[in-house]
Each structure stands twice: as C-alpha cells, then as structure tokens.
2 protein chains.
Amino acid sequence: MSYIRYIITYLLLDGSMIFVVKSKAMSFIPSNLSGTDPVDQSAIVPGASPTFSPLYQQIKALIMQRLQSFEWRPGESIPSEVELGGRFKVSQGTVRKAIDELAAENLLVRRQGKGTFVATHHEARSKFRFLRLMPDSDQPQITDKKIVELKRLRAPAEIARLLVMKAGDSVVYVKRVLAFDRVPTILEDLWLPGALFKTLTLERLSEYKGPMYGLFETEFGTRMIRATEQIRAASADGDVAELLGVEKSSPLLCVERVSFTYGDKPVEVRRGLYVTNLHYYQNELS
Amino acid sequence: MSYIRYIITYLLLDGSMIFVVKSKAMSFIPSNLSGTDPVDQSAIVPGASPTFSPLYQQIKALIMQRLQSFEWRPGESIPSEVELGGRFKVSQGTVRKAIDELAAENLLVRRQGKGTFVATHHEARSKFRFLRLMPDSDQPQITDKKIVELKRLRAPAEIARLLVMKAGDSVVYVKRVLAFDRVPTILEDLWLPGALFKTLTLERLSEYKGPMYGLFETEFGTRMIRATEQIRAASADGDVAELLGVEKSSPLLCVERVSFTYGDKPVEVRRGLYVTNLHYYQNELS
DNA sequence: AAGTGGTCTAGACCACTTT
DNA sequence: AAGTGGTCTAGACCACTTC
C-alpha cells in the first residue's frame with residue numbers, strides 16, 4: 001500500500017498560521033479480487049420474477065419497501081449512499097441512481113453535506129404540492145379551515161370504484177370549507193377508506209393545525225405520494241352558494257382528485273369546488 | 001469579501017514537493033499531481049462568468065445552443081454520446097448527464113440502439129403534451145379545426161406584458177374552434193409576436209393538417225418547449241355560446257396559457273374556453 | 001477533520017438496432 | 001459485426017455541513 005503525505009498551511013485572517021499534516025492512501029487493492037463472487041442478484045430479491053430488471057430498480061424497490069413500512073420515517077434521514085451500497089452489496093453509484101429517481105418522485109429529499117431525508121407533508125416546501133390554487137396577488141394569505149361535517153357511511157358505488165373497494169364498505173366522509181384572507185374559496189368533500197381511518201374524529205381534525213396530509217401521515221400511517229385531478233366547470237347550486245358566499249349559479253371549478261399511497265393504492269377521493277374570482281388553478285406544461 | 005487562504009504542501013513519493021495555494025474565491029485549482037492537464041473549463045465557455053457551474057451544465061448549455069440554432073433539427077438524431085464527449089473534451093458520462101436532463105425536459109428523446117433525437121411536435125406522442133382535455137369515453141376522437149379569424153393588430157397592454165413586448169407592437173391574432181366528434185368544444189384566442197410570424201396567413205393555417213405547434217416549428221423556426229396555464233371558471237356570453245353551441249351562461253373552463261421557447265422567451269398567449277360536459281382537464285400531481 | 005452528497009472519469013459489459 | 005444507448009463498478013476529487 002502506498003501513501004502520500006501532505007501538509008496544509010492555513011494562513012488565517014488575523015495573520016496567524018496553522019499547519020496540518022495529513023496522509024492518505026493513494027490506492028486500495030482488494031486482497032482477493034479473483035476470489036470474490038460477483039453479486040448474486042437473485043439473492044437480493046429472492047422472489048424476483050425471471051423478467052429482467054436493472055439492479056438500481058431492485059435497489060429502488062428495496063428502499064421503497066423500507067419507506068412503506070416506516071422503517072425510515074418521514075423527516076428522518078436514511079443511511080448514507082456508501083452505507084446502503086455496503087448493505088445491498090452494490091456500488092455507491094448504483095444506490096445513487098436509485099435515490100435519484102426516488103428524489104425525482106418527491107419521496108426522498110437530498111441535502112448536500114447533510115444526507116438524504118424521507119419527504120414529509122409537514123413542511124412549508126410541500127404545502128403547494130397538492131394545492132394548485134394560487135392568489136392573483138402574490139401576498140401571503142391567512143388560511144382558515146372549517147370542518148362542516150364528518151361522518152361514517154357506506155361507500156356509494158362511484159366512490160367505491162375509485163377507491164377499489166366494494167360498494168357499501170365503510171368510508172369516512174368529510175365536508176370542509178377553506179377560506180383565504182377570510183374569503184370562503186374552497187368547498188371540499190372527502191372520502192377515505194374506513195378501515196385505515198378508524199379513529200379519525202371531527203374534533204381531532206378540527207383542532208389540528210398543520211396540513212391534513214401531515215396528520216394522515218403521522219397518525220394514520222398513510223402517506224399520499226401521487227394524485228390525479230380531473231377539472232371541469234360547474235355552477236353553484238343553492239347549498240354550495242350559501243357555504244361559499246357566492247351568487248347562485250356562479251361558475252366554479254370542480255376538481256375531482258384521487259390520491260395514491262405506496263403501491264399505487266388509492267386512499268382518498270376528494271371533490272373540490274373552487275371560487276376563482278381572486279385565485280386561479282396553476283399548471284405547468286413541459 | 002473575506003475568505004481564507006491556505007497552502008497545501010505535497011510531499012510526493014519520489015521526494016519532490018509541490019505547493020498549491022488555495023482560496024475560497026477560486027472554485028477550480030488545476031492540479032499538478034498527475035502531470036496531466038485537466039480540461040480548462042473556461043476554454044469551453046469562453047465568456048463564462050466566474051460563478052461556478054458543473055461541467056455537465058456547461059455541456060447542456062452547449063447542446064441547447066445547437067438546438068436553438070437548429071444546427072440539429074427537430075426529428076433528426078444528434079451525434080452519439082461518445083462523439084460529443086470527444087468533441088467537447090469530456091467523458092461520455094458527463095455528456096450523458098447533460099443529455100439526461102434535456103431528455104427529462106422533453107427537448108431530446110433517447111432511443112436505445114438508435115441514438116438520441118431532437119424532440120418534435122410532429123408526433124403522435126407529443127400530441128397530448130400541451131392539450132390536457134380528455135374525453136370521458138376512452139374512444140379515439142375525430143378532431144375538426146376551424147379558423148374563425150386571423151388578423152394583425154397592435155398588442156393590447158395585457159398581451160404585450162405577457163409577451164414582453166411594447167404595447168402597440170404588431171401581433172398576429174387568431175380565433176379558432178376545435179370540435180371533437182363534431183361537437184364544438186374549445187374556443188381559442190391566440191396572440192403571436194408579429195415579427196416572428198410575418199408570413200402566417202389564414203389560408204396556410206386552415207389548410208395545415210398537423211398540430212399547430214408543428215407548423216410553427218417547421219415553418220417559423222419557433223419551438224414551444226414549455227408553457228404555464230392558469231385555469232378559472234367562466235360563463236359563456238352570447239357570442240361564445242353561439243360559437244360553441246351551448247346555452248348562454250353555461251359554465252366553461254377558461255384556460256390562459258403562455259408558451260415559451262428557448263431562453264424562456266414567451267412567444268404565444270392563448271386563451272381557451274373549454275366545454276366540459278363530455279371532457280375534463282387532466283392533471284397529474286406528484 | 002470527518003462525513004455527506006455532487007461531479008467527473010475510465011472502463012467493462014449488456015440490450016437493442018441496423019448493416 | 002458494428003454502433004448506439006443503458007447499466008454497473010471503482011476511484012478521485014469537490015462542495016457543503018458539522019464536530
């Protein structure tokens with residue numbers, strides 16, 4: 001083994017100097033290069049199908065398993081790339097590529113010098129990830145949330161279909177109004193699988209201050225990671241007009257969302273009616 | 001500005017010494033250790049600012065220049081990664097990372113075994129990239145386009161602001177109706193910079209069969225690469241109701257789009273009114 | 001000084017397409 | 001067989017954060 005030695009001489013701003021002697025190995029030769037077996041990929045994912053899948057995709061799946069099982073919890077850091085490489089018996093570069101994709105999907109967040117962290121809905125950064133309604137003025141706004149109703153009921157056919165449940169299975173139904181700067185703007189109906197949200201109550205939801213998806217993540221072990229929205233134009237009927245404080249027959253955006261957790265499992269249906277006099281739905285096309 | 005200076009004194013294996021002076025202000029220190037000269041990054045981008053930029057970002061900018069100048073034309077293949085690496089004096093991996101980002105931004109398309117191609121709007125694939133209105137039924141639909149009006153006028157203040165022009169500068173104004181399966185569904189107003197679209201006529205636009213952005217790309221050298229949309233709810237007034245064949249005061253989606261070409265230059269403003277009885281605006285959140 | 005992610009290189013081999 | 005992009009490795013060094 002060959003080493004190189006070098007001295008770092010720091011010239012500090014106050015004129016003083018510091019000397020540091022370092023030595024570093026120049027190269028590393030594995031002692032038994034020919035004796036090591038190549039990685040047995042099938043051992044990594046024992047039940048893997050015979051269909052080809054790149055190593056980094058398998059690593060990605062392994063990492064996702066640990067996220068899904070909350071072995072690595074939202075907000076916490078995951079092991080370093082080098083550590084994971086050692087654990088999974090692959091190079092750091094391969095782990096890196098797996099993490100790259102997970103970061104692109106907003107499941108992980110990289111922070112240079114600090115580590116890689118599990119994304120969480122308890123963050124200012126992620127506040128507008130699922131809410132695309134923006135104010136005409138750039139002013140920050142005061143948000144008020146009011147739960148109008150929360151009850152358990154048997155899933156209507158349409159909701160059951162979207163949640164991949166049997167019609168009649170238990171669901172939690174929530175109706176709420178969001179106001180920005182005291183102006184009622186969003187009226188939302190939500191349906192959640194009853195089995196996952198057994199202990200959700202109107203009180204708990206009302207008193208909770210942070211983002212709703214944060215509550216779901218922390219207290220119900222359900223992380224929303226993706227959603228699709230279908231947008232239509234609608235007219236306010238009598239009830240809606242009253243709750244939103246607009247004229248009857250006013251035009252509204254009708255936004256129907258289905259949210260998914262790990263494994264593309266749908267876990268929320270949400271139908272929102274948006275007043276767009278002072279706000280607009282923002283979308284980026286690329 | 002305050003920064004720290006330090007000297008590294010290398011004691012090499014053969015007994016010789018090398019001194020390297022470093023300071024915070026310098027982001028790149030040529031190393032004499034190996035004896036080989038590293039690439040002179042400033043030579044790659046002669047007018048580069050002193051701000052640090054990774055090599056692959058510089059390569060990305062160089063590739064984008066060639067796309068913008070139509071040196072590599074839409075639909076054609078660009079040189080291979082190895083070839084580009086040689087040309088730019090960097091490794092294939094660095095070129096690869098640059099192309100990765102351009103592919104993620106839909107400017108390039110990779111095809112394994114064949115090469116990397118410049119994206120074009122003349123493709124089935126890209127047809128729904130900028131049109132997010134989907135039919136309730138999954139059936140493929142017959143699309144009819146009818147140009148209602150095309151004229152040149154002085155840019156209204158609002159349009160000029162969005163296109164970053166002076167109010168009163170020449171713009172091309174187009175009004176058209178799109179029908180799906182004979183049902184009028186979209187009424188659009190478009191504004192384009194007059195200087196870029198000098199030779200655009202109603203006849204040319206009417207007789208053209210492919211996607212409009214394909215025409216712009218091929219005949220006017222203007223490639224749309226990104227757009228933002230702001231969506232609101234609106235009511236059909238008399239004229240609109242007649243053109244779309246709906247009741248007066250019917251609710252409609254109002255979609256205001258600004259499209260950008262290279263260098264984030266806005267080159268189109270479009271205001272669309274969508275009938276959403278048989279269609280919906282589709283959006284993915286992640 | 002140690003540890004993390006970020007960049008860059010060089011080389012090997014694989015999968016896909018075309019000649 | 002040759003050429004392209006796709007995967008994987010190993011190692012070097014840089015930038016940033018923390019101790």
Side-chain angles (χ1 to χ4, degrees), chain A residues 2 4 6 8 10 18-30 33 36 38-39 41 44 51-60 77-86 88-103 108-117, chain B residues 3 6 8 10 20 22-34 36-39 41 44 51-60 77-86 88-103 108-117:
Chain A
S2 54
I4 190 170
Y6 53 101
I8 301 183
Y10 290 93
I18 295 174
F19 298 89
V20 179
V21 180
K22 297 176 79 170
S23 82
K24 188 186 278 187
M26 287 192 72
S27 64
F28 178 70
I29 311 292
L33 188 60
T36 55
V39 175
Q41 300 190 4
I44 292 178
T51 63
F52 169 75
S53 166
L55 245 191
Y56 77 89
Q57 288 287 359
Q58 301 177 38
I59 303 302
K60 184 182 170 187
S77 71
I78 71 173
S80 75
E81 295 177 355
V82 175
E83 161 72 16
L84 288 175
F88 295 140
K89 296 283 182 290
V90 298
S91 76
Q92 185 207 8
T94 300
V95 173
R96 184 166 188 77
K97 182 143 187 180
I99 292 180
D100 276 344
E101 290 204 352
L102 290 166
L108 295 176
V109 180
R110 321 187 80 132
R111 293 201 197 118
Q112 185 173 108
K114 301 182 76 172
T116 301
F117 296 77
Chain B
Y3 48 84
Y6 52 99
I8 303 183
Y10 291 93
V20 178
K22 296 182 90 171
S23 78
K24 272 240 165 175
M26 299 173 68
S27 60
F28 181 69
I29 310 288
S31 165
N32 299 322
L33 275 180
S34 61
T36 59
D37 283 337
V39 175
Q41 300 188 4
I44 292 180
T51 63
F52 169 76
S53 165
L55 245 192
Y56 76 90
Q57 289 286 0
Q58 301 177 36
I59 302 302
K60 184 182 170 187
S77 70
I78 70 172
S80 74
E81 295 176 354
V82 175
E83 161 73 17
L84 288 174
F88 295 141
K89 296 280 179 292
V90 299
S91 76
Q92 185 208 7
T94 300
V95 173
R96 183 166 188 77
K97 183 145 187 179
I99 292 180
D100 276 345
E101 291 204 351
L102 290 167
L108 295 177
V109 179
R110 321 188 79 132
R111 296 202 195 117
Q112 188 175 133
K114 301 183 72 171
T116 302
F117 296 78

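What you see is a predicted model; the values in this text were computed from it and never measured. Quick note on labels: first sequence line is chain A, next is B, and so on, each numbered from 1.
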Can you check the [X] [atom1] to [N] [atom2] distance for me, whole Å?
{"X": "I59(A)", "N": "dT7(D)", "atom1": "CD1", "atom2": "C1'", "value": "13 Å"}
{"X": "Q92(B)", "N": "dC13(C)", "atom1": "CD", "atom2": "P", "value": "15 Å"}
{"X": "D100(A)", "N": "dG6(C)", "atom1": "CG", "atom2": "P", "value": "8 Å"}
{"X": "L55(A)", "N": "dA10(D)", "atom1": "CG", "atom2": "P", "value": "12 Å"}
{"X": "F117(B)", "N": "dT17(C)", "atom1": "CZ", "atom2": "P", "value": "11 Å"}
{"X": "F88(B)", "N": "dC8(C)", "atom1": "CZ", "atom2": "C1'", "value": "16 Å"}
{"X": "K97(B)", "N": "dG5(C)", "atom1": "NZ", "atom2": "C1'", "value": "10 Å"}
{"X": "R111(A)", "N": "dG3(C)", "atom1": "CZ", "atom2": "P", "value": "21 Å"}

Exercise. Mapping Y56(A) and E83(B) to their closest nucleotides on DNA chain D, which lands nearer the 5' end?
Worked result: E83(B)

For this session: Please figure out whether G113(A) or P79(B) has its closest DNA chain D nucleotide nearer the 5' end.
Result: P79(B)

Exercise. With a 4.5 Å heavy-atom cut-off, do K97(A) and K60(A) have their side chains touching?
Worked result: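 Answer no - side chains too far apart.
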
Exercise. Should I59(A) and I99(A) count as side-chain neighbours, where that means a heavy-atom distance under 4.5 Å?
Worked result: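 No. Closest side-chain heavy atoms not under 4.5 Å.
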
Which of the following nucleotides, [options], is nearest to the side chain of [X]?
{"X": "Q112(A)", "options": "dT17(D), dG6(C), dT7(C)", "result": "dG6(C)"}
{"X": "R110(B)", "options": "dG5(D), dT7(C), dT9(D)", "result": "dG5(D)"}
{"X": "S91(B)", "options": "dT18(C), dT9(C), dT9(D)", "result": "dT9(C)"}

Exercise. F117(B) ring centre to R110(B) NZ or CZ under 6.0 Å, with the angle to the axis within 45°?
Worked result: no

For this session: Check the pair R111(A) / T116(A) against side-chain contact (heavy atoms from CB on, under 4.5 Å), numbers first and verdict last.
Result: CA-CA 6 Å; R111(A) 293 201 197 118; T116(A) 301; over 6 Å; no

Problem set entry | Phosphate-side-chain proximity, K114(A) and dC16(D), N/O vs OP1/OP2 below 4.0 Å | no

Exercise. Any side-chain N or O of S80(A) under 4.0 Å from OP1/OP2 of dT4(C)?
Worked result: yes

Problem set entry | Who pairs with dC16(D) - Watson-Crick or G-U, where each distance is under 3.5 Å |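 Pairing partner, where one exists within any strand: dG3(C).
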
[X] near the nucleic acid: base, sugar-phosphate alone, or nothing, with a heavy-atom cut-off under 4.0 Å?
{"X": "R96(B)", "answer": "base"}
{"X": "E81(A)", "answer": "sugar-phosphate"}
{"X": "T116(B)", "answer": "sugar-phosphate"}

For this session: Output yes when a side-chain donor or acceptor of Q58(B) lies under 3.5 Å from a complementary backbone atom of S53(B), and no otherwise.
Result: yes

